[in-house]
Chemist: 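Quick one: the structure is below, questions incoming.
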Amino acid sequence: MTTQKYKSLLVIIWALWAFHPCLAIDDVLRTAKRDAILAQITGAVRPKKQISFISFGAKGDGKKDCKPAFDKAMKRAVHMGGAHIVVPAGEYLLNGPIHFVSNVCLELQEGATLKFSSEPAFYLPLVKTSWEGTFLQNYSPFIYGYQLENVSIIGKGVIDGNAGTTFATWKSKQKIGQQLSREMNHKEVPVAERNFGEGYWLRPHLVQFFDCKNITIEDVFITNAPFWCIHLLKSENIICRGIRYDAKLVNNDGIDPEYTRNLLIENIEFNNGDDNVAIKCGRDNDGWKTSCPSENIIIRNCKFKGLHGVVLGSEMSSGIQHVFVENCTYGGYCKRGIFIKTNPDRGGFIRDIYVNNCEFGEVEDLFYVTSMYAGEGMDNHHFTEVHDIYVKDLKCKKVNVAALVLQGTEAKPIYNVTFDNVDVDKAGIGLSFSNTKTIGVSNCNLGGYVGVPSTASAKDGIFNK
């Protein structure tokens with residue numbers, strides 16, 4: 001069978017699955033669905049023409065501002081029809097953001113560090129972006145691309161946001177800006193009028209690709225981000241591979257796909273001050289209006305360490321579907337292993353989620369699904385459809401609170417969830433299900449194994465009790 005015929009067969013299987021999701025319980029169909037998605041993911045096409053960053057006047061001495069050199073390199077790439085920009089070993093200070101152009105591969109060679117200035121004024125003027133699920137204009141992300149194709153960041157070098165002294169201190173000041181952004185969202189204020197930046201304290205992202213196609217981010221080391229580390233917004237055909245993290249500042253999520261499709265996340269070592277992977281899809285009115293689900297996302301062969309391993313929500317009003325978490329383990333403590341969260345403010349759907357062959361060490365909760373996140377929206381009516389979730393071969397050494405939790409609502413119970421071969425050595429609470437329908441549990445040991453039952457004997461003393 002030719003490669004093209006094989007891909008066509010996978011697409012047919014995917015289409016059948018999409019109309020009959022209950023078939024997904026079968027491992028063969030699950031694998032075919034996953035492989036049909038993988039067949040669509042290629043990442044960026046890398047340009048062959050190579051140029052040296054040093055040739056544009058950059059110095060890796062940690063003192064000279066190298067932003068002008070990047071601006072010149074990107075302009076040259078446009079004239080060349082694309083370029084592979086090589087950054088050799090050294091520390092490169094950047095007094096402002098790197099704005100990508102299409103058809104650029106940025107290679108940070110081993111020993112190279114991009115160290116961004118901590119001065120907020122350098123990240124003005126405002127750019128089109130989003131913040132916690134709301135579209136607006138804000139400070140530029142430190143590495144930013146808008147409506148581009150074929151962009152790559154590769155190599156063993158370091159991206160250092162250097163945000164500890166300024167941006168990392170802003171969370172206590174962000175409330176007014178945060179609430180205003182949500183009010184504009186709910187009132188459907190035109191996005192062009194949602195201008196934030198100075199005085200609103202909404203932190204920019206470290207890396208953001210917005211409305212882009214064909215992206216590869218591979219092997220780099222990420223630290224000290226001002227907010228989320230990698231935000232993939234309304235983008236598609238993406239590979240994130242081999243990335244390493246030591247990003248423990250406030251809200252340093254590892255990877256946040258939002259309104260994003262056809263994404264492969266693999267072989268990543270997370271060590272984050274917040275969620276490792278947080279799949280999102282817009283907040284409330286913006287999400288409903290955009291109507292573009294986050295879908296076809298595969299997370300595999302990763303090591304989780306941080307707040308939560310994989311999160312779906314809570315900004316997910318356009319919906320999340322076709323997500324696979326496979327063959328992942330842990331590099332340290334996570335508060336929760338897998339966390340699916342929504343509430344009656346959000347609406348949308350979360351469906352067709354697979355977790356297979358994953359292991360955690362110590363967690364607070366292992367697998368937690370809630371339609372009542374943060375107790376918010378309980379007087380609202382935008383209930384979320386949560387269904388068709390399949391968990392198989394999930395292991396954990398110690399669960400301090402609860403192993404398996406499903407919390408639906410009376411209006412929209414969680415349904416069609418199966419747990420197969422879930423083994424937890426120690427657990428406070430084995431399972432807690434409320435407002436659910438059609439839940440399957442098979443071959444699960446929550447809190448250890450029970451062996452052969454003892455037989456009655458005198459030592460039972462049943463008449464003395």
Side-chain angles (χ1 to χ4, degrees), residues 44 46-129 138-163 166-167 204-210 212 214-227 229-232 243:
R46 299 181 189 178
K48 295 180 180 179
K49 298 175 184 177
Q50 192 172 105
I51 56 178
S52 172
F53 181 48
I54 298 298
S55 67
F56 296 92
K59 284 189 178 180
D61 60 2
K63 297 178 181 178
K64 181 176 181 178
D65 177 18
C66 296
K67 175 175 167 51
F70 265 116
D71 294 342
K72 292 175 184 177
M74 291 294 172
K75 287 181 181 179
R76 178 70 60 83
V78 172
H79 292 308
M80 294 171 61
H84 182 144
I85 302 171
V86 178
V87 181
E91 182 178 296
Y92 301 90
L93 174 65
L94 287 149
N95 289 338
I98 298 172
H99 283 191
F100 261 72
V101 297
S102 290
N103 304 307
V104 164
C105 174
L106 176 62
E107 180 183 352
L108 305 179
Q109 295 188 330
E110 191 164 4
T113 297
L114 302 183
K115 191 165 187 177
F116 288 89
S117 171
S118 60
E119 174 53 53
F122 287 142
Y123 302 95
L124 297 172
L126 307 180
V127 299
K128 295 178 180 180
T129 182
N138 194 31
Y139 290 100
S140 173
F142 290 8
I143 296 177
Y144 177 71
Y146 178 64
Q147 293 186 337
L148 306 178
E149 294 187 8
N150 294 317
V151 289
S152 304
I153 303 172
I154 66 171
K156 296 288 186 180
V158 177
I159 302 173
D160 184 354
N162 188 32
T166 51
F167 296 103
H205 308 84
L206 180 64
V207 179
Q208 183 186 80
F209 290 111
F210 181 1
C212 295
N214 313 333
I215 302 166
T216 298
I217 305 175
E218 188 169 14
D219 291 335
V220 291
F221 183 88
I222 292 176
T223 190
N224 299 323
F227 190 49
C229 294
I230 298 175
H231 187 207
L232 304 168
I243 303 166

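FYI, side chains are in, hydrogens and waters are out, and symmetry mates aren't considered; it's all heavy atoms of this structure.
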Chemist: So does Pro97 get a backbone contact from the side chain of Lys67, meaning a donor-acceptor N/O pair under 3.5 Å?
Modeler: yes
Chemist: What residues form a side chain to side chain contact (heavy atoms under 4.5 Å, CB included) with Thr166, not counting sequence neighbours?
Modeler: Ser118, Pro120
Chemist: Taking all atoms of both residues into account, what is the closest heavy-atom pair of Asn214 and Ala44, and its distance?
Modeler: O-CB, 3.4 Å
Chemist: Can you tell if the side chain of His99 reaches within under 4.5 Å of the side chain of Ser140, non-hydrogen atoms only?
Modeler: yes
Chemist: Please report the interatomic distance CD1(Ile230) to CD1(Ile153), rounded to the nearest 0.5 Å.
Modeler: 7.5 Å
Chemist: Roughly how far apart are Cys229 SG and Ile222 CD1, rounded to 0.5 Å?
Modeler: 5.5 Å
Chemist: Is it the case that over 12 heavy atoms from other parts of the model lie below 6.0 angstrom from the CD atom of Glu110?
Modeler: no
Chemist: How long is the gap from CG on Asn224 to CG on Asn162, to the nearest 0.5 Å?
Modeler: 6.5 Å
Chemist: Please examine the side chains of Leu108 and Phe221, heavy atoms only from C-beta on, and report whether any two atoms are closer than 4.5 Å.
Modeler: no
Chemist: Under a 3.5 Å distance rule, please check whether Tyr144 uses its side chain to pair with a backbone N or O of Phe210 as donor and acceptor.
Modeler: no
Chemist: In the structure I gave you, are the side-chain heavy atoms of Thr129 and His205 within less than 4.5 Å of one another anywhere?
Modeler: yes
Chemist: Kindly indicate whether the side chain of Ile154, heavy atoms from C-beta on, has any atom under 4.5 Å from the side chain of Asp219.
Modeler: no
Chemist: For the residue pair Asp65 and Asn95, what are the closest heavy atoms and their distance?
Modeler: OD1-N, 2.9 Å
Chemist: What heavy-atom pair brings Pro141 and Val127 nearest, and what distance separates the two atoms?
Modeler: CD-CG2, 3.7 Å
Chemist: What is the distance from atom CZ of Phe70 to atom CG of Leu106, rounded to the nearest 0.5 Å?
Modeler: 5.0 Å
Chemist: Would you say the side chain of Val104 lies within less than 4.5 Å of the side chain of Asn150, judging by non-hydrogen atoms?
Modeler: no
Chemist: Given His84, which partner from the list Glu107, Lys49, Arg46, Lys48 fulfils the side chain to side chain donor-acceptor pair (under 3.5 Å) test?
Modeler: Glu107
Chemist: Are Ile143 and Leu206 close enough that some pair of their side-chain heavy atoms sits under 4.5 Å apart?
Modeler: no
Chemist: Under a 4.5 Å cut-off applied to non-hydrogen side-chain atoms, are Val86 and Ile51 in contact?
Modeler: no
Chemist: Do side-chain atoms of Asp61 reach the backbone of Lys64 as a donor and acceptor pair under 3.5 angstrom?
Modeler: yes
Chemist: Hey, could you give me the SG/CZ distance between Cys66 and Phe53, rounded to the nearest 0.5 Å?
Modeler: 4.5 Å
Chemist: Between Tyr123 and Ser117 (side chain of the first, backbone of the second, donor and acceptor by atom type, cut-off under 3.5 Å), is there such a pair?
Modeler: yes
Chemist: To the nearest 0.5 angstrom, please state how far the CG atom of Leu232 sits from the CD atom of Gln208.
Modeler: 9.0 Å
Chemist: Would you say that Tyr92 contacts Lys115 through its side chain, given a criterion of any heavy-atom pair below 4.5 Å between the two side chains?
Modeler: no
Chemist: Ignoring hydrogens, what is the shortest heavy-atom contact between Leu93 and Lys63? Give both atom names and the distance.
Modeler: CD2-O, 3.4 Å
Chemist: For the residue pair Ile217 and Phe209, what are the closest heavy atoms and their distance?
Modeler: CD1-CE1, 4.1 Å
Chemist: Which heavy atom in Phe142 sits nearest to a heavy atom in Phe167, and how many Å separate them?
Modeler: CZ-CE1, 3.6 Å
Chemist: Test side chain to side chain contact (heavy atoms under 4.5 Å, CB included) on Ile85 and Met74; report intermediate values, then the result.
Modeler: CA-CA 9 Å; Ile85 302 171; Met74 291 294 172; 4.3 Å; yes
Chemist: Hey, does the side chain of Ser52 reach the backbone of Ile54 with a donor-acceptor pair shorter than 3.5 angstrom?
Modeler: yes
